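Okay, structure first, notes after.
On a predicted model such as this, the values are computed, not experimentally measured, just so you know. So you know, we letter chains A, B, ... as the sequences are listed, proteins then strands, and number each from 1. Values reported hereafter were calculated over all heavy atoms of this structure, with side chains retained and with hydrogens, waters and symmetry mates removed.
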Number of protein chains: 2
Amino acid sequence: MATIYQVSELAGVSLATVSRVMNNNVRVSEATRNKVLAAMEQLGYRPNSIAQSLASNRSNSIGILVSELHGPFYGEMLTGIEAEFRAAGKHVIIAAGHSERVTEEDGIEFLLSRNCDALILHVEAVSDQFLIELSKQETPFVLLNRQVEALADRCISLDNELGGFLATDYLLSQGHRHIAYIAGPMWKTDARDRFRGHQRALAGYQLAAEDKLFYEGDFRETGGSKGLQALLASGRPFSAVVCANDEMASGALTAARELGYEVPADFSVMGFDNVNFAYYTYPKLSTIDYPISAMGHMAARWVLKQVYKQSSIAVQQVFDPHLIARDSVAEATIT
Amino acid sequence: MATIYQVSELAGVSLATVSRVMNNNVRVSEATRNKVLAAMEQLGYRPNSIAQSLASNRSNSIGILVSELHGPFYGEMLTGIEAEFRAAGKHVIIAAGHSERVTEEDGIEFLLSRNCDALILHVEAVSDQFLIELSKQETPFVLLNRQVEALADRCISLDNELGGFLATDYLLSQGHRHIAYIAGPMWKTDARDRFRGHQRALAGYQLAAEDKLFYEGDFRETGGSKGLQALLASGRPFSAVVCANDEMASGALTAARELGYEVPADFSVMGFDNVNFAYYTYPKLSTIDYPISAMGHMAARWVLKQVYKQSSIAVQQVFDPHLIARDSVAEATIT
DNA sequence: GCTATAAATGAAAGCGCTTACATAATACTA
DNA sequence: TAGTATTATGTAAGCGCTTTCATTTATAGC
C-alpha cells in the first residue's frame with residue numbers, strides 16, 4: 001500500500017502538502033493540488049485511517065451500544081444511525097448490551113477502549129449514577145430512549161407517557177370502559193411511563209386502573225400470552241386490553257385465538273412500537289408508532305453537531321408517538 | 001489519559017517492558033509484571049488501540065457489509081457475528097450495501113479504507129469478477145450466503161437447492177400435486193437455487209414446474225400478494241403455493257385472506273427462511289429454517305481462524321436447511 | 001569461581017500520518 | 001522598487017504504541 005511519503009515523492013512536494021490536499025482545508029495552489037491528486041491516482045493511494053487517527057487524535061468512529069442486534073426495533077435504529085454517519089464518512093462500531101448491567105458496562109468500556117469519538121447508548125440496565133459518572137470522562141455520548149434529568153441535553157427520547165395516553169385514549173374514544181393492561185417490566189422507565197399515560201387517559205374519563213386488570217409482563221411474546229390468560233382468569237370482564245409493546249400484543253392475539261376468542265369481536269387489543277411484524281399479525285395490530293429510525297438519525301446528528309462541530313445541523317430531542325389504527329381494535333359493543 | 005510511558009515511569013521499567021506485560025506473550029518476571037500491573041491500575045491506564053494498531057499493523061477490526069441493518073434476517077446474522085468477535089476482543093465495523101452494486105462497492109471501499117483486518121461480505125449485486133479481483137488484494141474476506149466457484153474456500157453458504165427441494169417435497173408428501181411457485185428475483189443465485197430444488201422435488205414425482213404456476217416476485221411482501229393474485233388469475237388450479245421467502249409468503253397469506261380464501265383449507269402456503277415473524281402470521285407459517293445466526297458465527301470463526309490464526313477453531317462452510325412444519329400447510333384433499 | 005547459556009530488560013527505530021513553526025514565493029502598497 | 005502583508009510550501013516534532021537488537025542479569029555446568 002502506498003504511503004503519503006511515496007505520493008509526495010512522485011508529486012515532487014513535501015509530506016505536509018500531500019496531507020493538506022487530503023484534508024483540503026488549508027489553501028494549496030491549484031497546480032500542486034493537481035500534481036498531488038495525479039500522483040495519488042497513479043499510486044492507487046488510500047490514506048491509512050489508523051495513522052490519521054493517531055496523529056489527529058480523532059478516530060472518526062462512533063461507538064453504538066444497543067440491547068440487541070436482532071429484533072425489529074434495533075435494526076431500524078441502526079439503519080438510521082449508519083446511514084447518517086456513512087454519509088459523513090464516519091464509521092460505526094457496534095456492541096450489544098443484552099439489557100444486563102454487567103454486559104452494558106463492559107460494552108461501554110469496550111467501546112471506550114476503541115477510542116471512539118463519541119458513543120450512542122441505548123442502555124437499560126445501567127444506573128443513572130453510572131451515566132453521570134461517565135459524562136465526566138472525556139468521551140461524549142448521547143442517550144437514546146432514556147431520560148436522565150442531569151443529562152437532559154444528551155437525551156433523545158420518545159414521550160412514552162404520551163404514547164401510553166394515546167393508546168388508551170383511543171380505546172376510550174371507541175367506547176371501551178373496561179380496559180385491561182399488560183405492562184412491561186416496571187423497573188424499566190419506558191414501561192412505567194407508558195403505564196402512567198394509560199392512567200392519565202383513564203382519569204380523563206373519570207376512570208382508574210384496576211389491579212385486577214393489570215398484569216406485569218416482560219415485553220416478550222410469552223408475557224403477552226400469559227398476561228392475557230391471567231387477565232381472563234381474574235374473572236373481571238374487559239372489552240379491551242392494551243399491551244405495552246407489540247411483542248406482547250402478538251402473544252395476546254395468539255393466546256386469544258387459542259382460547260377461542262376472536263379479536264376484535266370479543267375484545268380489542270392495542271400494541272405499542274409499531275414494529276414491522278405488527279403488520280403481519282392477524283388481525284393487523286393497531287398500535288402506537290415509535291419513530292425509532294428517525295430517532296436513530298437524530299442521535300447521529302447530535303454527534304455530528306456536538307462532536308464534529310457541524311453546527312448547521314438541527315437536533316430534535318423529544319419525539320412524539322402517534323396512533324396507528326389497524327384491525328385489532330373495534331368499537332365497544334354496548335355493555 | 002495515561003500513556004504507556006507514564007506507566008513505565010511509575011513502575012520504574014522501560015516502555016518495552018510495559019508493552020510486554022500488556023501483550024503477555026514474552027516472558028516477564030513475576031515481580032516486574034506485578035509492578036507494572038499495579039502502576040496501570042493506579043493510573044487507570046487503558047491502552048490506546050489506535051496506537052497499537054498503527055504500530056502492529058493490526059486494527060483488530062472486522063468490516064461487515066450486509067444488505068440492510070433492519071429486517072429479521074440481517075439482525076440475526078449480525079448478532080452471531082458480534083457475539084463471536086466480542087468474545088475475542090475484536091470489533092466490528094458495519095456498513096449497509098442495500099443490494100445495489102454501487103453502494104456495495106462503495107461499502108467495501110469504505111471498510112477497506114478503515115484498515116479492517118478482514119471483511120465479512122453479504123453482497124448480492126456485485127459481480128463474481130469483482131470479488132475475484134478483490135481477493136487479490138491483501139485484505140482477506142469471507143462471503144456469506146454466496147457461492148463463487150473460484151473462491152470456494154471463502155464461502156459460507158446455505159444449500160438453497162436443498163431447501164427448495166425440502167419445501168416442495170414436503171408439499172408433495174402431503175399429497176399436493178398442483179403446486180404453484182412464487183420465486184425471488186431470478187438474477188439472485190439463491191432465488192434460482194431454490195427454484196431448482198423445487199424442480200428436482202417435482203421431478204422425483206414425475207412432475208414438472210408449469211409456467212402458468214410460476215411467478216417471479218421480489219422477495220418482498222407485495223411480491224407475494226401480487227404473485228398470489230396472478231396465480232389465481234391464471235385460472236390454473238393449484239392446492240399449494242411455495243414462496244421463495246417468508247416475506248412473500250406473508251404477502252400471499254394476506255392476499256388470500258382478503259380475496260376470501262382460507263389457508264390452509266383452500267390451499268397451503270410454504271415460506272422460506274424462518275424469520276421471526278413467520279411465527280406471528282396467521283396461520284403460523286410452515287417454512288424452511290435458514291440457520292443464519294449459526295452461519296454468522298461461522299463467518300466470524302473463519303476470520304478468527306484464517307486471519308488471527310486461532311488454529312483450533314473448526315469451520316463449517318455449507319449449512320443445511322431443514323423443514324419447519326407449522327400451520328399453513330395441510331394435507332391435500334382428494335382432487 | 002569462572003565461563004557458557006538462557007532469561008529478562010532496555011534503547012531506539014519506526015508505523016503513516018497531522019500540524020506548529022519556519023521559510024520561500026508572490027502580491028500589494030506607496 | 002524597497003518594504004510589508006499574504007499565500008504557498010517545507011521541516012520536523014510528535015501521536016502511543018510494537019518490535020528488533022543489544023545489553024544486562026540470573027542460572028547452570030564443571
Contacts table for residues 295-304 of chain A: side-chain donor-acceptor under 3.5 angstrom, sequence neighbours left out:
residue: A:His297; atom: ND1; partner: A:Ser293; partner atom: O; Å: 3.4
residue: A:Trp302; atom: NE1; partner: A:Asp153; partner atom: O; Å: 3.2

OP1 or OP2 of D:dT9 under 4.0 Å from side-chain N/O of A:Ser29: yes
Report the residues that fulfil side-chain contact (heavy atoms from CB on, under 4.5 Å) with B:Thr32, sequence neighbours left out, ordered by chain and then residue number. B:Val13, B:Val28, B:Ser29, B:Lys35
Whether the side chain of B:Asn48 engages the backbone of B:Ile50 through a donor-acceptor N/O pair (distance < 3.5 Å, no angle test) should be reported. yes
So B:Thr32, base contact, sugar-phosphate only, or nothing? Heavy-atom distance under 4.0 Å. sugar-phosphate
Inter- and intrachain pairs under salt bridge (Lys or Arg N to Asp or Glu O under 4.0 Å), touching residues 133-151 of chain B, at least two apart: B:Asp128-B:Arg146, B:Glu133-B:Lys136
Can you list the residues that meet the side-chain contact (heavy atoms from CB on, under 4.5 Å) rule with A:Ser14, with sequence neighbours excluded? A:Ala16, A:Thr17
Could you list the donor-acceptor pairs under 3.5 angstrom formed between side-chain atoms of residues 67-77 of chain B and any protein atom two or more places apart in sequence or on another chain?
residue: B:Ser67; atom: OG; partner: B:Glu124; partner atom: OE1; Å: 3.1
residue: B:Glu68; atom: OE1; partner: B:His98; partner atom: ND1; Å: 2.9
residue: B:Glu68; atom: OE2; partner: B:His98; partner atom: ND1; Å: 3.1
residue: B:His70; atom: ND1; partner: A:Thr79; partner atom: OG1; Å: 3.0

Return the set of residues passing side chain to side chain donor-acceptor pair (under 3.5 Å) with B:Tyr308 (not counting sequence neighbours), or none when no residue passes. B:Asp117
Whether each nucleotide of nucleotides 16-28 of chain C has a protein heavy atom under 4.0 Å at its base (B), only at its sugar-phosphate (S) or at neither (-) is summarised, 5' to 3', as BBBBB--------
Return the set of residues passing side chain to side chain donor-acceptor pair (under 3.5 Å) with A:Arg101 (not counting sequence neighbours), or none when no residue passes. A:Glu105
Note the angle between the end axes of the helix from C:dG1-D:dC30 to C:dA30-D:dT1, five pairs defining each, rounded to 10 degrees. 30°
Side chain to side chain donor-acceptor pair (under 3.5 Å) filter on A:Asn145, not counting sequence neighbours, yields A:His122, A:Tyr290
Which residues, if any, of residues 108-116 of chain B bring a heavy atom under 4.0 Å of DNA chain D? none
Sequence neighbours excluded and cut-off under 3.5 Å, please list the side-chain donor-acceptor pairs for residues 84-93 of chain A, or say none.
residue: A:Arg86; atom: NH1; partner: A:Glu82; partner atom: OE2; Å: 3.4
residue: A:Arg86; atom: NH1; partner: B:Ala96; partner atom: O; Å: 3.2
residue: A:Lys90; atom: NZ; partner: A:Asn60; partner atom: OD1; Å: 2.9
residue: A:His91; atom: ND1; partner: B:Arg114; partner atom: NE; Å: 2.7
residue: A:His91; atom: ND1; partner: B:Arg114; partner atom: NH2; Å: 3.3

